[in-house]
Amino acid sequence: MPELPEVETIARQLSLVLKKQKLVDLTIHDSKLRVFSSETLRNKQLLQVKRSGKEVLLVFADDLYLRIHLRMTGRLVWIAGRKRIDSSSILLRKGSTDLRPKSIRAEFFFNNGTLFFEDVRRFGTFKLDFESIQGNWIDPTTEQFTVEVLTKLVENSKQQIKTWLLRQDKLVGIGNIYASEILFRSGVHPHRSAGSLKKEEIKNVHSATKYILHKAIKLNGTTFSDYRDSEGETGAFQKFLAVYNREDEKCRRCKNKVICIRQGQRSTYFCARCQE
DNA sequence: ATTATATCCTGATCGC
DNA sequence: TGCGATCAGGATATAA
């Protein structure tokens with residue numbers, strides 16, 4: 001579900017409310033997520049909340065790093081309040097928070113509120129690290145991401161550029177929605193092999209990536225169906241999608257029909273006239 | 001060493 | 001109304 005802009009939104013919002021709070025208790029309902037002892041984190045101080053690739057990173061005192069990957073339908077929803085609320089009483093949901101009690105997989109009770117991890121499809125993962133580990137990838141929102149670096153990364157790759165953009169070992173953070181959007185903005189056909197891109201095209205992919213991701217972050221991400229931020233609110237970037245989920249609709253640039261193809265069992269949307 | 005495919009899950013939607 | 005097939009912001013283990 002969430003790609004870089006969505007995870008960035010959640011991490012930023014949680015950072016505001018959770019920084020320096022104490023994790024009083026936690027309950028993990030889904031056994032798939034019980035990959036560490038609750039005792040390890042109980043009563044630990046949360047120092048900060050960050051994004052690492054597509055993961056939300058909760059940094060606790062004593063060098064404890066909880067990595068939460070939301071995968072397709074994971075949500076982290078914050079409900080402020082001193083009183084402990086659990087998944088049964090959340091049925092009395094209030095305000096705009098759109099929690100699905102059935103899908104609550106874990107609850108983190110802080111002294112100023114509760115953080116719910118909700119995940120319909122149960123693809124989300126927890127991992128507890130005892131040191132700060134940074135992947136060997138480039139984050140496209142950092143200054144490390146330059147045209148030269150991108151050129152090096154795609155060099156010699158025979159993989160189709162759409163599928164290449166989805167890999168997380170080179171460039172981290174792009175998912176199925178933004179991959180289509182980036183290629184449309186770049187004017188590059190999704191079938192093109194990554195290594196065959198010309199200088200100009202790499203430049204376009206580079207600037208389109210930065211533009212799209214930054215704009216999506218500014219708009220709190222894209223809500224296509226499940227995505228909600230930590231306050232249970234939808235994103236707003238879906239209003240600006242040029243091709244994703246717009247099959248048979250008119251291309252916003254040339255009025256041709258947007259088409260949808262399958263690449264590695266994922267749909268890719270593009271305009272055959274605008275993307276050579 | 002890369003690259004396709006199958007798999008993990010639940011729920012919504014569509015065609016018959 | 002019901003039922004099966006298909007699809008969904010992801011990533012990985014396995015096969016080719």
Side-chain angles (χ1 to χ4, degrees), chain A residues 1-11 29-33 35 51-56 67-76 98-106 117-127 135-137 140 153-184 190-196 209 212-213 215-217 219-230 233-248 260-269:
Chain A
M1 150 192 185
E3 307 180 32
L4 186 152
E6 291 74 31
V7 181
E8 178 71 28
T9 300
I10 290 169
H29 297 101
D30 190 339
S31 59
K32 286 177 73 178
L33 298 173
V35 292
R51 175 184 62 78
S52 170
K54 286 184 191 172
E55 292 177 326
V56 174
R67 305 184 159 274
I68 302 179
H69 200 308
L70 275 31
R71 297 289 179 104
M72 297 286 255
T73 53
R75 291 177 182 171
L76 283 169
D98 180 26
L99 270 169
R100 296 164 292 196
K102 245 180 97 176
S103 315
I104 292 173
R105 311 295 176 199
F117 177 66
E118 193 213 310
D119 187 7
V120 175
R121 291 178 71 182
R122 303 174 61 211
F123 285 169
T125 57
F126 287 174
K127 187 170 186 292
N136 190 29
W137 31 251
L153 289 177
V154 296
E155 209 170 48
N156 298 326
S157 173
K158 287 184 198 141
Q159 214 168 359
Q160 297 180 335
I161 184 65
K162 158 66 187 331
T163 357
W164 189 91
L165 286 172
L166 296 180
R167 344 175 15 157
Q168 302 296 305
D169 58 333
K170 307 269 185 194
L171 247 198
V172 79
I174 298 171
N176 212 35
I177 292 180
Y178 298 114
S180 283
E181 294 299 312
I182 287 165
L183 290 177
F184 173 77
H191 274 329
R192 293 283 305 285
S193 81
S196 75
T209 300
I212 301 263
L213 294 180
K215 184 167 178 183
I217 289 170
L219 294 170
N220 290 348
T222 302
T223 297
F224 161 65
S225 60
D226 292 300
Y227 170 70
R228 294 290 121 86
D229 66 17
S230 73
E233 304 283 349
T234 63
F237 190 79
Q238 61 275 15
K239 293 174 200 157
F240 298 92
L241 292 175
V243 286
Y244 188 83
N245 204 226
R246 295 192 66 242
E247 189 178 15
D248 294 336
C260 180
I261 57 170
R262 303 290 294 177
Q263 287 179 285
Q265 297 121 270
R266 318 277 322 258
S267 19
T268 300
Y269 297 88

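Note that this is a predicted model, so its numbers are computed, not measured. Note: hydrogens, waters and symmetry copies are ignored here, and every other heavy atom, side chains too, is used. Within every chain, numbering begins at 1; the chains are lettered A, B, ... in the order of the sequence lines, protein sequences first and strands thereafter.
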Worksheet entry | A/Thr73 side, atom OG1; A/Arg105 side, atom CZ - distance, nearest 0.5 Å |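 So the gap between those two atoms works out to 8.0 Å.
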Discussion item. Let me confirm one number: the OG1-OH distance from A/Thr268 to A/Tyr244, rounded to the nearest 0.5 Å.
Written reply: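 One finds 9.5 Å between OG1 of A/Thr268 and OH of A/Tyr244.
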Worksheet item: According to a strict under-4.0 Å criterion, is A/Ser267 in side-chain N/O contact with OP1 or OP2 of C/dA8?
Response: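 So the side chain of A/Ser267 is within the cut-off, an N or O lying under 4.0 Å from OP1 or OP2 of C/dA8.
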Worksheet item: Should A/His69 be listed as having a side-chain N or O under 4.0 Å from OP1 or OP2 of C/dA11?
Response: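 For C/dA11, OP1/OP2 do have a side-chain N/O of A/His69 under 4.0 Å.
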Could you tell me the separation between the [atom1] atom of [X] and the [atom2] atom of [N], rounded to a whole number of Å?
{"X": "A/Lys127", "N": "C/dA11", "atom1": "NZ", "atom2": "P", "result": "15 Å"}
{"X": "A/Leu4", "N": "C/dA11", "atom1": "CG", "atom2": "P", "result": "11 Å"}
{"X": "A/Glu118", "N": "C/dG9", "atom1": "CD", "atom2": "C1'", "result": "15 Å"}
{"X": "A/Asp119", "N": "C/dA8", "atom1": "CG", "atom2": "P", "result": "18 Å"}
{"X": "A/Gln263", "N": "C/dG9", "atom1": "CD", "atom2": "P", "result": "13 Å"}
{"X": "A/Asn245", "N": "C/dT6", "atom1": "CG", "atom2": "C1'", "result": "15 Å"}
{"X": "A/Ile68", "N": "C/dG10", "atom1": "CD1", "atom2": "P", "result": "18 Å"}
{"X": "A/Arg266", "N": "C/dA11", "atom1": "CZ", "atom2": "P", "result": "8 Å"}

Please measure how far the [atom1] atom in [N] lies from the corresponding atom in [M], and state the result in whole Å.
{"N": "C/dC3", "M": "B/dC8", "atom1": "C1'", "answer": "24 Å"}
{"N": "C/dA5", "M": "B/dT7", "atom1": "P", "answer": "15 Å"}
{"N": "B/dG11", "M": "C/dA11", "atom1": "P", "answer": "22 Å"}
{"N": "C/dT1", "M": "B/dT10", "atom1": "P", "answer": "26 Å"}
{"N": "B/dT5", "M": "C/dT6", "atom1": "P", "answer": "16 Å"}

Under the rule for salt bridge (Lys or Arg N to Asp or Glu O under 4.0 Å), what residues qualify as partners of [X], not counting sequence neighbours?
{"X": "A/Glu181", "result": "none"}
{"X": "A/Arg246", "result": "A/Glu249"}
{"X": "A/Lys127", "result": "A/Asp129"}
{"X": "A/Arg122", "result": "A/Asp30"}

Worksheet item: C/dG10: syn or anti, with syn meaning chi within 90° of zero?
Response: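 Anti conformation for C/dG10.
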Item to complete: Apply the test side-chain hydrogen bond (donor to acceptor under 3.5 Å, both in side chains) to residues A/Glu6 and A/Tyr178: give CA-CA distance (whole Å), side-chain angles for both, the deciding distance (0.1 Å), then the verdict.
Response: CA-CA 11 Å; A/Glu6 291 74 31; A/Tyr178 298 114; 2.6 Å; yes
Worksheet, complete the sentence: Note, DNA chain C 5' to 3' with Watson-Crick or G-U pairs under 3.5 Å encoded as ( ), [ ], | and . gives .|||||||.|||||||
Worksheet entry | A/Thr223 side chain reached by A/Arg228 side chain, heavy atoms, under 4.5 Å |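 The answer is yes; the side chains approach within 4.5 Å.
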Discussion item. If you define the side chain from C-beta out and look only at heavy atoms, does anything of A/Asn176 sit under 4.5 Å from A/Lys162?
Written reply: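 Sidechains of A/Lys162 and A/Asn176: in contact.
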Response to the item:
In 5'-to-3' order, the base (B), backbone-only (S) or no-contact (-) status of each nucleotide in nucleotides 1-10 of chain B, using a 4.0 angstrom heavy-atom cut-off, is --S-BB-BBB
Practice prompt. Look at the side chain of A/Glu118 and the backbone N and O of A/Ala106, then say whether any donor-acceptor pair between them is shorter than 3.5 Å.
Written response: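 Judged by distance alone, no pair lies under 3.5 Å.
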Fill in: Side-chain-base donor-acceptor pair under 3.5 Å for A/Ser225 and C/dG9
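Answer yes: a donor N or O sits under 3.5 Å from an acceptor.
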